[in-house]
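Working notes for the structure below.
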Amino acid sequence: MISLDTETTGVDHYHGTKPFFVTTCDENGEQRYWEWNVDPYTRDVEVDPSDLDAIRLLLSTDPTVVLHNTKFDVKALESIGVDNFNWNRYYDTLLAAHILASNQQKDLTALAVQYLNIDIQPFEDVLEKAVKECRTWARNNKPSWRIANKEDEDMPSAKEKTWKFDTWLPRLLAQEREYKEPVEGCDHDWGMNWYCQRCNGHRWWVVLSDYANTDSAVTLPLWQTMEEEIKLRGQWKNYLERLKVLRPLHLMEKNGLTVNLKWLDEKIQEFSEGSVTCEHICTNIAAGYEYELQLPKGGRNKSLDTFLTDVMKLKPMGYTKTGNTSYNKEAMEGYMATLPENSLEYTFVSELLDKRSQDTAISYMNSYKKFGIRIPDTDYIVLHPNINPTGTDTTRCASNNPNGQNISKKEKRNIRSTFGPLPDREWWTIDAENLELRIPAYEANEEEMIFLFENPNQPPYFGSYHMLIFDTLHPDKFKKHGIKCKSVYESTWYQWTKNGNFAVQYGAQEVSGTADRAYHVPGAQHRIQSRFTRIQELSQRQIKFAENYGYVETIPDKSVDPERGYPLLCTRSKWGNIKSTVPLSYHIQGTACLWMQGAEIRCQAALDDWNNRERKSNPRYRMFIQVHDELGFDFPRRAHPLKDPKNSNLDKIREIKKLMEIGGEYIGVRTTVSIKYHTESWAKGETIKC
DNA sequence: TTCGGTAGCGCC
DNA sequence: AAAGGGCGCTACCGAA
């Protein structure tokens, strides 16, 4: 068993980030490490091929490898041609940290303190100090060096703490300035000015290697402690299952998703013009009040605040969590509902709302351009959003650089329309249907709801949960129009019913009236809860459990561990008690995302099988994104699934559908998926029943 | 100049 | 004492 860690020139593996330091440590504490120079003008790493052979050889002896954030190091190694990492023999301390304490800090420094009582922070502090000093020196003395910078197009992820991208700098500067190299074996006594009092060596030579080697040395004992603890808590099977999802996610990230650059530019242009028009209308209205308005690029600034509060004298519609008057979307919609439609105030508010939504969309699209990699000879760029399975308090994945999970599908500001398969490819997107509603319904045995989910073709609700609730709240309307209420009240009562349902799903408390306001029906939540009492009881059980133990567990998965679910620590209020809104929400959300995790693992195995059979150098059947309950597949383009099923990918999609839906059987919930087929864009999908 | 908090808005 | 869960990104603003 060895631990392995890499230090890199950044985090953007697809923009030239490379490892310049690889360190390993075995169970006897023997360390091996490889360090390469970074060209300061290009940031290219001058890798020694014989070192690569040594690393490959080490991996080929099939050790069990322990890493902290496996996907990152595997991508770093792959970028320099080391691609024999064995996904069947590794452990990850980041995943371990999540299963042991889902909502606590998970960085190596925090874990070393917590599990080993070792403080490695001083190594990071001294590294930070050295790097920052070196950056300042380099900026002043080597203007053509490529110091990490937010504006550098090969570092789209550089935001704050940019110094972390330049940890290669101290050693280089030590050489550049001809500082004396510390004598190996000397028991260094570092003085205040970086010099060793004993051997006269300069600390910049070793500040990075000391830091990195400490990390790899700590990782093994950390893992051993964590492994024991995971087993002690009866979570070993759940942990092993969790390990399996990293490879599918890794491949998903590598595949990435394609955006049509022309469509993207058109959309940016359209929204930019739209935003300017809104801005003009707003500033003109303000001018009528003799107020020189400076609209913010983001949500709000002082100029806007003053205008809304003091000049137009709008009464507060709601408050931010710190108690300031809120001018968010909800407040704006509140003004629009109460002000006369032909008033200046109404126009101002609606134009401001319009401007904001377009500005948000523009900022997202600009980030796609920043992160996108051009695909030669096409109009497409490809994005590689990072997917972080330990980024949330539950088992949900987070996504960043760029975030692939908040791409607008609103009708008016649809951005998914700029995403789509390459001309020789086709996309399939598969959604779990009402997954987070089904889980509590089946678990609590809420019979009326289960009947609905089991009989999607039967009257009166035809499988629609929203319609069931609609009838509960508006029986007269439902009696009159039946299922047609959906279209008759599309943007009013039906939409409000959906809004209220989501509020309840995410834990809105009855006493707050939040859900009632969303439903536009006083007392709505109470009426619903008295019709569906069992889910309410389930919630109480989860709260009780969380109050006793501090966490909730997901529903045990029979294919993983029939005894134990995955533990999720619950958020506490500032007074230290469990927030009552959390336990059921985490229990359901956590279960839903493990359902998806299982689906990803099973689907990737099927894709591997198909790809191996084809024996092409590039895997042709791939997953490209997951958005919590939606999974995207990128397949070679074949015939249309309805027009020419035999020559289409329909058989493979049927298999995928089966592999996804079977996950419900393991948790006692009937789960179904809906399937869309895309040849042009992510926004345009044909529903395929199969 | 850097950094963190606040706010707003996109997704499920 | 309060009562809507989970995220990431951008802009703004004030303090370090």
Side-chain angles (χ1 to χ4, degrees), chain A residues 102-103 132 135-136 139 150 156-157 159-163 294-305 319-332 352-353 356-368 370-371 385-388 391-410 413-416 431-432 434-436 499-515 517-518 525 568 570-571 573-590 592-593 596 625-630:
Chain A
S102 50
N103 66 3
K132 283 183 170 169
R135 274 163 59 94
T136 306
R139 271 197 217 105
K150 273 189 275 214
S157 296
K159 278 149 207 159
E160 81 288 343
K161 301 203 170 173
T162 319
W163 68 267
Q294 296 294 325
L295 275 180
K297 277 191 187 170
R300 61 200 281 186
N301 61 4
K302 282 188 161 179
S303 178
L304 176 63
D305 278 10
Y319 296 89
T320 69
K321 63 176 168 198
T322 53
N324 296 321
T325 302
S326 172
Y327 291 123
N328 65 11
K329 189 160 81 173
E330 202 191 342
M332 295 295 160
L352 179 62
L353 209 47
R356 278 182 183 166
S357 75
Q358 297 190 74
D359 287 348
T360 303
I362 292 166
S363 81
Y364 286 7
M365 289 188 284
N366 281 334
S367 86
Y368 304 147
K370 194 172 79 167
F371 280 101
N386 179 42
I387 304 166
N388 176 1
T392 73
D393 285 6
T394 72
T395 51
R396 271 201 179 181
C397 292
S399 169
N400 68 1
N401 295 332
N403 185 346
Q405 296 179 326
N406 66 350
I407 302 166
S408 177
K409 55 193 284 190
K410 285 196 159 69
R413 305 281 173 234
N414 195 305
I415 305 301
R416 292 195 181 190
D431 279 59
N434 298 114
L435 183 54
E436 292 191 8
N499 294 352
N501 286 346
F502 287 121
V504 173
Q505 182 182 327
Y506 292 135
Q509 298 291 289
E510 192 187 322
V511 289
S512 71
T514 309
R517 281 194 295 280
Q525 195 171 5
L568 298 166
C570 292
T571 324
S573 73
K574 56 183 161 181
W575 300 277
N577 58 335
I578 298 288
K579 280 173 75 178
S580 59
T581 49
V582 163
L584 182 66
S585 185
Y586 279 27
H587 173 71
I588 295 168
Q589 191 180 105
C593 288
M596 182 55 99
I625 201 164
Q626 64 122 296
V627 191
H628 311 308
D629 62 5
E630 176 183 9

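Note on naming: letters A, B, ... go to the chains in the order of the sequence lines (proteins, then strands), and numbering restarts at 1 for each one.
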Would you mind reading off the distance between [X] atom [atom1] and [N] atom [atom2], rounded to a whole angstrom?
{"X": "A:Q589", "N": "B:dC11", "atom1": "CD", "atom2": "P", "answer": "17 Å"}
{"X": "A:I387", "N": "B:dC11", "atom1": "CD1", "atom2": "C1'", "answer": "14 Å"}
{"X": "A:K302", "N": "B:dT6", "atom1": "NZ", "atom2": "C1'", "answer": "14 Å"}

Check side chain to side chain donor-acceptor pair (under 3.5 Å) between [X] and all other residues, then give those that pass, not counting sequence neighbours.
{"X": "A:Q589", "result": "A:T394"}
{"X": "A:N324", "result": "A:T322"}
{"X": "A:N499", "result": "A:Q495"}
{"X": "A:S326", "result": "A:N328"}

Could you pull out all residues at least two apart from [X] that satisfy side chain to side chain contact (heavy atoms under 4.5 Å, CB included)?
{"X": "A:T360", "result": "A:Y364"}
{"X": "A:C593", "result": "A:T395, A:R396"}
{"X": "A:K329", "result": "A:E333, A:L353, A:K410"}

Across the strands shown, which category fits [X] at heavy-atom distances under 4.0 angstrom: base, sugar-phosphate, nothing?
{"X": "A:R135", "value": "nothing"}
{"X": "A:N577", "value": "base"}
{"X": "A:S408", "value": "sugar-phosphate"}

Are any protein N/O atoms closer than 3.5 Å to N/O atoms in nucleotides 7-9 of chain B? If there are, list each pair with its distance.
residue	atom	partner	partner atom	Å
B:dA7	OP1	A:T320	OG1	2.6
B:dA7	OP1	A:T322	OG1	2.4
B:dA7	OP1	A:N324	ND2	2.8
B:dA7	OP2	A:T322	OG1	3.0
B:dA7	O3'	A:R300	NH1	3.2
B:dG8	OP1	A:R300	NH1	2.6
B:dG8	OP1	A:Y327	N	3.0
B:dG8	O3'	A:R356	NH1	3.4
B:dC9	OP1	A:R356	NH1	3.0
B:dC9	OP2	A:K329	N	2.6

| request: Please name the residue in the list A:V627, A:N386, A:T392, A:I387 that meets the side-chain contact (heavy atoms from CB on, under 4.5 Å) test with A:C397. | output: A:I387
| P gap between C:dA3 and B:dA7, integer Å | 15 Å
| Outermost nucleotides of DNA chain C that come under 4.0 Å of a non-hydrogen atom of chain A | C:dA1 to C:dG14
